[in-house]
Amino acid sequence: VSAVAAGLALGSERSLVSAIVATAAVFAGQLSVGWLNDLIDAPRDAQVGRTDKPLAAGAISVAAVRTACIVSAACAVVLSLFSAPLAGGLHIVALASAWAYDLGVKATAFSVVPFAVSFGLLPAYLANGAPYPPAWLIAAAAALGSAAHFVNVLPDLADDAATGVRGLPHRLGPPVSRFATAALVLTTSVLLVFGPDGAPSPVALATVPLAVSILVVGFLLDGRPRSRAAFRAVMLVALIDVALLLHTGISTA
Ligand SMILES: CC(C)=CCC/C(C)=C/CC/C(C)=C/COP(=O)(O)OP(=O)(O)O
């Protein structure tokens with residue numbers, strides 16, 4: 001997220017220093033969101049034996065993570081204040097939405113909402129004031145963020161069922177969630193290709209049939225036992241979307 005934010009900020013109207021400060025704010029914010037998530041999930045992560053989570057595995061203390069979380073959150077808020085007031089405020093709203101996810105929205109039918117809100121607001125923060133990015137760009141970022149939620153949750157559906165976490169992907173079930181993810185990454189591609197004014201470049205235009213083909217092949221191959229073809233296909237299209245987003249930039253309004 002921080003690397004994409006850096007690319008977008010550097011390609012925006014911001015000065016170099018302003019782009020670095022905005023990227024630092026995003027990076028600090030991501031750390032706080034991740035650490036808050038680990039703090040809250042530690043008992044559940046330990047229950048399902050998540051060795052990739054140092055807190056759950058006992059490799060680091062709760063106090064250390066709590067301090068790091070508070071410090072990074074404070075840095076994120078303070079660094080956001082160096083942007084235009086409304087833009088900085090939008091990043092703080094994006095952060096509040098992500099913290100709300102950690103604090104409990106993740107286990108509700110609205111679990112996708114914080115992702116749509118936080119990622120949708122990110123281009124508006126990075127653009128730093130008028131002109132704000134057009135609606136199609138905000139919608140594309142929101143769709144890609146929503147896809148990220150499904151992609152992140154799909155591999156953990158079984159663990160989450162064991163610990164009682166039931167977000168939107170759990171309620172929809174694996175097959176519907178996989179199709180929803182595909183629809184979200186494809187929607188992102190279409191918005192990014194056809195959103196900008198003027199005719200799309202041939203390369204941009206070619207990405208839509210390419211994305212459709214990748215998804216069709218992935219879902220067809222997914223019929224085999226223990227196949228991760230559909231998952232890999234949506235990941236690939238999501239990567240194409242990120243490339244499209246960086247190519248389009250946020251100052252093309
Ligand atoms: C711009 C901005 C602030 C964006 C952030 C948006 C957002 C809602 C981020 C949440 C990221 C997160 C903690 C995922 C892990 O959740 P999990 O507990 O479902 O999965 P896990 O098993 O990987 O921990």
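Numbering starts at 1 and runs along the sequence shown. In listed order, ligands and their atoms are each counted from 1. Computed from heavy atoms alone, side chains included, the values below leave out hydrogens, waters and symmetry copies. Since the model is a prediction, treat every value here as computed from it, not as a measurement.
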Would R228 count as a cation-pi partner of F219, with NZ or CZ less than 6.0 Å from the six-membered ring centre and within 45° of the ring normal?
no

With atoms numbered from 1 as shown, which atoms in ligand 1 lie under 4.0 angstrom from a non-hydrogen atom of D102?
13 (C)

Sorted by chain and number, sequence neighbours left out, salt bridge (Lys or Arg N to Asp or Glu O under 4.0 Å) with D38 holds for K53

Taking distance alone, with N or O pairs closer than 3.5 Å, would you say Y101 contacts ligand 1?
yes

Quick one, S189 and V237 - any side-chain contact, counting heavy atoms below 4.5 Å?
yes

Distance alone, cut at 3.5 Å: any donor-acceptor contact between the side chains of T108 and R166?
no

Protein contact of atom 22 (O) of ligand 1 - nearest heavy atom, named by residue and atom, plus distance
R50 NH1, 2.9 Å

Between A98, S97, A96, which one has a non-hydrogen atom sitting closest to atom 7 (C) of ligand 1?
A98

Quiz question: by atom type and distance under 3.5 Å, do the side chains of S72 and W35 form a donor-acceptor pair?
no

So is there a nitrogen or oxygen of H91 less than 3.5 Å from a nitrogen or oxygen in ligand 1?
no

So which protein heavy atom does atom 21 (P) of ligand 1 come closest to, and at what separation?
K53 NZ, 3.8 Å

On a heavy-atom basis, the closest approach of A87 and Y132 is N-OH, 3.4 Å

Taking only heavy atoms of A94 into account, list the atoms of ligand 1 that are under 4.0 Å away from them.
3 (C)

Check: N37 N/O within less than 3.5 Å of ligand 1 N/O:
yes

Check salt bridge (Lys or Arg N to Asp or Glu O under 4.0 Å) between R178 and all other residues, then give those that pass, not counting sequence neighbours.
D222

Taking side-chain contact (heavy atoms from CB on, under 4.5 Å) as the criterion, tell me which of L192, L186, V190 meets it with T188.
L192

Numbered in order shown, the ligand 1 atoms found under 4.0 Å of a heavy atom of N152 are 14 (C), 15 (C), 16 (O), 17 (P), 19 (O), 20 (O), 23 (O)

Option set F115, W99, F119, Y125, criterion heavy-atom distance to atom 8 (C) of ligand 1, minimum
F115

In this structure, which one of I240, D241, I214 forms a side-chain contact (heavy atoms from CB on, under 4.5 Å) with T207?
I240

For D41, atoms of ligand 1 separated by under 4.0 Å from a heavy atom
18 (O)

If we number the atoms of ligand 1 from 1 as shown, the ones under 4.0 Å from a heavy atom of Q30 are 1 (C), 2 (C), 3 (C), 4 (C), 5 (C)

Looking only at protein heavy atoms, what sits closest to atom 18 (O) of ligand 1 is K106 NZ, 2.5 Å

